[in-house]
There are 2 protein chains.
Amino acid sequence: MEDQKTLLQAFNQTTYQLAGHSKRDIRQLQLVFQELDGDLQADVYGTGAVIENFQHKMAKYLGKESAVFFPSGTMAQQIAMRIWSEEKGINRVAYHPLCHLEIHEEEGLRKLHGIDAVLLADKHRVIALDDVLGMTEEISCLLLELPQREIGGQLPSYEELQAISRHCKEKGIRLHLDGARLLEILPYYQKTAEEVCALFDSVYISMYKGVGGIAGAILAGDETFTKEAVIWKRRHGGDLISLYPYILTAEANFEARKGKFGEYYEQAKDLAGRYNQCHGVTTIPAVPVSNMFHVHVRLPKERFEQILLSICEETGVGISHYARKVDEHSSYYEVSIGDRYANVPAEKLASVFQVLDQKLREACQE
Amino acid sequence: MEDQKTLLQAFNQTTYQLAGHSKRDIRQLQLVFQELDGDLQADVYGTGAVIENFQHKMAKYLGKESAVFFPSGTMAQQIAMRIWSEEKGINRVAYHPLCHLEIHEEEGLRKLHGIDAVLLADKHRVIALDDVLGMTEEISCLLLELPQREIGGQLPSYEELQAISRHCKEKGIRLHLDGARLLEILPYYQKTAEEVCALFDSVYISMYKGVGGIAGAILAGDETFTKEAVIWKRRHGGDLISLYPYILTAEANFEARKGKFGEYYEQAKDLAGRYNQCHGVTTIPAVPVSNMFHVHVRLPKERFEQILLSICEETGVGISHYARKVDEHSSYYEVSIGDRYANVPAEKLASVFQVLDQKLREACQE
């Protein structure tokens, strides 16, 4: 008896996929390294051309004095919170209830740094100036995640952002940007990275996600800040003897993709539009403000996964390799547009959404 | 006018080098990855065959229930100290004054984990049972570094080690092995990794150094311990989305070199013997107990570096690419035998040491 195929297996066998850049296999690294000169010297504990040149490049791109390459954003952001908290002598920061530090880091900020967090806004919307004005506790730093990933990649208006920045400056509150997906928001704001980062004291940007590297992060700010960050990187065990496998793949992918985020944004709006025309589907946001959005469907997770699997098999197009439960009656998944979307033929795309709509209509009548 | 050539530049232009495996360039990664199937799936946040299989292999090799791959030993060891400190409710551990945690980690243990350290023994010898018996403070964990790198790679006798292990077990003190260079000591002790590790509750081993990978570390112990270590790895920002660039190079180099440490050990004794016959030179230890030792010379650093440079140029053999100051009158460097030593022709080696001896005699008469 044959085992039942899982959605992930079916997805991996499709010809086209609607989201992401590519499979997560080691070819990604091989392709970058086969183009490089083998004599290129490894970085050694944060020194050497490989790391220094890339840090300079990213500092310039972000409009900051200085930048440090980190193995992870988790490490980079906790360290930013620690530096600002020590500067002010207040071990309290503020961020969104669905901030990465709150839900994905096993309380690292508290258990390693002794820093507590005030949660601003509620789980369904982004932080607004009124939330900041309404805080009763004193904080050293406010962290804003742009876009707010866990709610489909929502953004405040640029004017709201400017107002929050002005307020923090006046009140002596450091403003930190969780810009894991910073490049992804520039087309919507119609701003350069430098313009957005100018509103913040410190900035983190991920080297995978939209950029499409293997792992790694950049933390940028003024030199006083990054000098301290380098010491904290050593303390955290992040000052590896060599980080070049991540740096060189980050740089190659950054160069290849930095000009493509406008295209991803347009494609995200197109794709979200197609979803929203399907029975029982809504996207959050309704109109994307970056390359990402969430697809919510009024079907239980298991039922929806059956449909996703059958679409893989019938059309050769992978819509999503998973669905997550919202409640007994509904489920969702995340979409981040990458290189793959442009490869899907227009007629294929149209027919996939016809099939999806049809299947959802049938399922909702069951 | 031509700039004066530095010792490092001259060293990098030599045909043969006495220490190490190879240059630190990116070819090391290229060579491993060009042999691998591009379809191999990346590890994702600590899951997937690439990371799980290697962890199983290393756990078995070390004779422990479970092992976790870390980006760095700094992170792995601080976490081991934290787990044992929380278990006992005592935020104090003990180690050697030249322990990596004491001198290379910017006080990470105290500043991230709030753990203080008792320094045992003095800077010139390894920790003995008497040092442990003489402690007045209660500790959660004793860390032993084998070999003690900063003093030339010295070791206690195996009987001393067993006695310390027995004492710790009786007193409820956890014993942790800083086995950054664990493979390097097995030939001297004539023990398997499993036998040495059985004396310890937790073990760290480096994936570069003797193994010759790019970076990374293994932390091993029982399952209760490693389950906690995985959570702390997330907190530290060490749970990267993919660690495969380090894991796959670690595994390839581990397989290629795990049988070669007996040879390195014999070569280290041979090489140290040659040094000790030179004028004004002593090695620490006098007879190596691993693949490493320190070379001490009764000449100021600058004068000794001139000699090292001239030997590079006259013989085409690189003895060391640096020297460090001990005091106004003497200097030293570290030697770790690796793959390179076997490539040096016997007559070349003999002539280099004749030249070195001659130059040192002349210099000492200046």
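This is a predicted model, so every value here is computed, not measured. Labels below follow one simple rule: chain letters A, B, ... track the order of the sequence lines, proteins then strands, and each chain is numbered from 1.
Using a 4.5 Å cut-off between heavy atoms, Gln41(A) contacts chain B through both its backbone and its side chain. When heavy atoms are compared at a cutoff of 4.5 Å, Phe70(B) does not approach chain A at all. Using a 4.5 Å cut-off between heavy atoms, Phe33(B) touches chain A through backbone and side chain atoms alike. In this structure, the portion of Leu240(B) lying under 4.5 Å from any heavy atom of chain A is its side chain and not its backbone. Only the side chain of Gln78(B) comes within less than 4.5 Å of a heavy atom in chain A; its backbone stays farther off. If you measure heavy-atom distances from Val50(A) to chain B, you find no contacts under 4.5 Å at all. Looking at Leu248(B), only its side chain comes within 4.5 Å of chain A, counting heavy atoms on both sides.
When each of Gly48(A), Pro71(A), Gly73(A) is checked for heavy-atom pairs under 4.5 Å with chain B, Pro71(A) comes out on top. Ranked by heavy-atom pairs shorter than 4.5 Å toward chain B, the options Leu40(A), Thr74(A), Asp43(A), Leu112(A) are led by Leu112(A). Counting heavy-atom pairs closer than 4.5 Å to chain B, the top residue among Thr249(A), Leu243(A), Leu101(A) is Leu243(A). For the options Asp239(A), Ile231(A), Val44(A), heavy-atom pairs under 4.5 Å to chain B are most numerous at Ile231(A). Of the listed residues (Arg234(B), Glu105(B), Lys23(B)), the greatest number of heavy-atom pairs within a distance under 4.5 Å of chain A belongs to Arg234(B).
In summary, Glu86(B) and Arg82(B) engage in a salt bridge, as defined by a charged side-chain N under 4.0 Å from a carboxylate O. Under the 4.0 Å criterion applied to side-chain N and carboxylate O atoms, Asp25(B) and Arg27(B) are assigned as salt-bridge partners.
Checked against the 6.0 Å centroid criterion, the rings of Tyr244(B) and Phe69(B) do not qualify as a close aromatic pair. Taking the ring centroids of His236(B) and His113(B), they lie under the 6.0 Å cut-off.
Checking side-chain atoms of Glu334(A) against main-chain N and O of Met292(A) turns up no donor-acceptor pair under 3.5 Å. For Arg110(B) (side chain) and Asp116(B) (main-chain N/O), no donor-acceptor pair under 3.5 Å exists by modelled atom type.
Among Ile90(A), Asn91(A), Leu109(A), the single residue meeting the side-chain contact (heavy atoms from CB on, under 4.5 Å) criterion with Ser85(A) is Asn91(A).
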Do Met75(A) and Met75(B) pass the side-chain contact (heavy atoms from CB on, under 4.5 Å) test, and can you show the C-alpha distance, the side-chain angles, and the key distance before you say yes or no?
-> CA-CA 11 Å; Met75(A) 194 184 293; Met75(B) 193 184 293; 3.6 Å; yes

